[in-house]
Amino acid sequence: MNERTRCCIAGGGPAGVMLGFLLARAGVEVTVLEKHQDFLRDFRGDTIHPSTLEVMYELGLLEDLLRLPHEELHGIEAHFGERVLHLADLSHLPTHCKFIAFMPQWDFLNFLARHAQKFPQFRLRMQAEVTDLLLENDRVVGVKVHTPEGMLDVGAELVVAADGRSSIVREHAGLELVDLGAPIDVLWFRVPKKAGDPPQAFGYVGAGQFMVLIDRGDYWQCAYVIRKGSFEERQKRGLQPFREEIGRCAPFLAGRTGEIAQWDDAKLLSVKVNHLRKWYREGLLCIGDAAHAMSPVGGVGINLAIQDAVATANLLAPKLLNHTLHIGDLKAVQDRREWPAKLIQRVQVFLHKHLLERIFDSAETIPPPLLLRITEKFPKLRRIPARMVGMGFRPEHIAAR
């Protein structure tokens with residue numbers, strides 16, 4: 001089987017679906033290929049930051065989006081044992097939404113896909129797994145796709161790899177990956193929420209422990225940060241010691257950890273922090289986690305991916321429409337988006353080394369680091385981390401049509 005399109009996007013995550021939507025909106029024929037049959041994947045990051053909400057406002061979709069069930073976080077706090085610190089105040093951001101929205105990622109992706117399908121140029125293929133590249137004279141001219149109906153060749157003027165941190169497209173393209181290392185992994189699980197629970201604070205620091213709680217309405221989605229490679233050791237110790245460990249980190253959860261009935265209830269995310277030295281080759285561009293895998297620290301990965309998609313559409317849609325796309329245009333995307341991603345990665349690596357490693361090495365709850373104590377003492381300083389987390393270093397905006 002064979003198909004042809006102007007732009008083929010591998011991966012139906014936030015970067016892929018947003019880019020498909022924006023290209024179709026600009027009149028570019030685009031096919032998004034997603035290997036799963038739906039978007040229903042639990043234990044994904046659910047944060048939609050103010051920079052992304054601003055993009056939705058510029059698209060005229062914000063009001064509809066916020067009709068979907070969601071929770072709002074207007075400031076970021078952290079519990080160091082009994083002490084609560086206010087780390088970031090989002091109320092001063094120059095955006096229409098001065099909060100982080102917590103929304104299941106499948107709801108967000110379904111929303112984007114539904115609106116994208118209003119454009120005749122947009123096509124979304126589910127259960128379509130990219131397995132290899134099509135090459136002509138060392139130029140990428142399409143992809144090979146496994147579908148329930150059999151193998152499919154999709155030819156395209158441009159292939160975009162938006163297939164995540166373990167990108168198959170990137171691997172087959174032979175692009176060089178620079179690994180910055182990550183000393184952490186994350187265990188995702190859920191526990192019931194009860195009346196009287198404290199408001200969402202984001203971070204809980206215990207003795208050798210750090211955990212993030214995400215309010216999902218009737219339950220807490222928990223991201224328990226552990227030292228890389230230590231999951232097997234916990235499995236050997238057994239489930240009950242693990243449940244007690246969670247209860248020590250966030251004591252109000254202690255009576256509910258029995259909901260973690262088996263190890264399958266805790267999903268391991270192996271954290272990677274890396275970036276491509278070169279995001280492109282003839283006929284191919286990588287964006288999102290395929291170009292720069294982020295740590296979950298700060299929850300900014302989804303929003304960086306969305307910003308990549310916006311910049312890519314702004315820069316490449318006119319070229320694709322006019323059949324004038326050149327490799328220099330792909331380089332322009334990397335030139336615009338590389339340094340914001342690298343800066344965030346540097347901050348994440350710094351926090352891994354100087355905060356999380358310090359937490360893991362301590363048999364007691366550590367006192368808050370000096371920088372956090374300063375932001376607590378001088379409230380105006382909380383606007384700095386709010387800007388970095390809420391908007392990033394280079395927020396993108398929708399280009400006028």
Side-chain angles (χ1 to χ4, degrees), residues 1-39 41 109 112-113 116-117 119-177 276 278-291 305 308-309 312-313 315-317 319-327 329-331 333:
M1 297 187 293
N2 297 279
E3 286 183 8
R4 182 150 190 88
T5 186
R6 193 73 59 88
C7 179
C8 177
I9 301 170
V17 177
M18 175 61 84
L19 178 58
F21 171 85
L22 294 175
L23 289 178
R25 176 177 177 269
V28 177
E29 185 185 21
V30 58
T31 299
V32 179
L33 302 171
E34 166 55 42
K35 66 180 180 180
H36 296 101
Q37 66 179 358
D38 55 41
F39 295 125
R41 231 80 56 232
L109 292 175
L112 277 179
Q117 285 163 345
F119 300 106
Q121 296 87 352
F122 180 86
R123 182 174 188 187
L124 172 63
R125 268 186 169 271
M126 307 301 286
Q127 291 182 279
E129 182 177 6
V130 175
T131 60
D132 207 346
L133 299 175
L134 299 173
L135 300 174
E136 285 183 9
N137 300 321
D138 205 38
R139 176 188 174 89
V140 176
V141 295
V143 292
K144 288 185 173 294
V145 187
H146 182 269
T147 75
E149 295 78 30
M151 292 303 297
L152 170 69
D153 286 357
V154 179
E157 186 173 330
L158 175 66
V159 172
V160 177
D163 52 342
R165 63 186 58 230
S166 300
S167 172
I168 293 296
V169 175
R170 180 187 66 205
E171 178 184 337
H172 284 284
L175 297 173
E176 182 184 355
L177 196 62
L276 286 173
K278 185 178 176 183
W279 293 20
Y280 59 91
R281 57 179 282 186
E282 288 280 1
L284 171 71
L285 174 68
C286 298
I287 63 172
D289 274 358
D308 285 359
T312 301
L315 290 167
L316 302 189
K319 307 287 186 175
L320 287 165
L321 279 172
N322 298 328
H323 297 281
T324 57
L325 185 69
H326 185 269
I327 194 167
D329 301 313
L330 307 183
K331 180 179 183 298
V333 175

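Fair warning: this is a prediction, and the values are worked out from it, not measured in the lab. In this chain, residues are counted from 1 in sequence order.
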* Can you tell me if CD on E136 sees more than 12 non-hydrogen neighbours from other groups inside 6.0 Å? -> no

* Asked: Is the shortest heavy-atom distance from the side chain of V32 to the side chain of F21 under 4.5 Å?
  -> no

* Asked: With a 4.5 Å limit on heavy-atom distance, are the side chains of Q121 and V28 in contact?
  -> no

* Would you sort out whether N137 and E282 count as a side-chain contact (heavy atoms from CB on, under 4.5 Å), showing the intermediate values? => CA-CA 10 Å; N137 300 321; E282 288 280 1; over 6 Å; no

* Shortest non-hydrogen contact between F122 and A24, atoms and distance -> CB-CB, 3.6 Å

* Step by step, work out the side-chain contact (heavy atoms from CB on, under 4.5 Å) result for V143 and L134. => CA-CA 5 Å; V143 292; L134 299 173; 5.6 Å; no

* Asked: Say you draw a straight line from CG of L22 to CZ of F119; how long is it, rounded to the nearest 0.5 Å?
  -> 9.0 Å

* Asked: What heavy-atom pair brings A26 and A317 nearest, and what distance separates the two atoms?
  -> CB-CB, 3.9 Å

* Asked: Is L135 close to V140 at the side-chain level, that is, under 4.5 Å between some pair of heavy atoms?
  -> yes

* Asked: Roughly how far apart are I168 CD1 and E129 CD, rounded to 0.5 Å?
  -> 7.0 Å

* Asked: Considering all heavy atoms of both residues, which atom of G12 and which atom of F39 are nearest to each other, and what is their separation?
  -> O-CE2, 3.2 Å

* Asked: Could you state the interatomic distance from CD (E34) to CE (M126), rounded to the nearest 0.5 Å?
  -> 5.0 Å

* Indicate the atoms forming the closest heavy-atom contact of C8 with L33, along with that distance. => SG-CD1, 3.4 Å

* Side-chain heavy atoms of L152 within contact of R125, under 4.5 Å -> yes

* **From D289 atom CG to R170 atom CZ, the distance as rounded to the nearest 0.5 Å** => 9.0 Å

* Salt-bridge test for R281 and D138: reply yes if a basic N is under 4.0 Å from a carboxylate O, no otherwise. => yes

* To do: Taking all non-hydrogen atoms of both residues into account, name the closest pair between A161 and A290 and its distance.
  => O-CB, 3.6 Å

* To do: Dump the intermediate steps for side-chain contact (heavy atoms from CB on, under 4.5 Å) on D163 and V130, then the final yes or no.
  => CA-CA 9 Å; D163 52 342; V130 175; 5.7 Å; no

* Asked: If you take all heavy atoms of A313 and L23, which pair is closest and at what distance?
  -> CA-CD2, 4.1 Å

* **Partners passing side chain to side chain contact (heavy atoms under 4.5 Å, CB included) against E157 (at least two apart in sequence or in another chain)** => R6, L320, H323, L325

* To do: Could you point out which residue of V159, L276, L330, V169 forms a side chain to side chain contact (heavy atoms under 4.5 Å, CB included) with C286?
  => L276

* To do: Output all residues satisfying ring pair (Phe, Tyr, Trp, His ring centres under 6.0 Å) with Y280, sequence neighbours left out; order by chain, then residue number.
  => none

* Any side-chain heavy atom of W279 within less than 4.5 Å of one from D308? -> yes

* Quick one: do L316 and V160 satisfy side-chain contact (heavy atoms from CB on, under 4.5 Å)? Show the steps, please. => CA-CA 11 Å; L316 302 189; V160 177; 5.9 Å; no

* **Of all pairs that satisfy salt bridge (charged side-chain N to carboxylate O under 4.0 Å, His left out), the ones with a partner from residues 142-155, not counting sequence neighbours** => K144-D153

* Interatomic distance, H36 atom NE2 to Q127 atom CD [nearest 0.5 angstrom] -> 10.0 Å

* To do: Measure the spacing between CD1 of I9 and CG of L19 and express it to the nearest 0.5 Å.
  => 4.0 Å

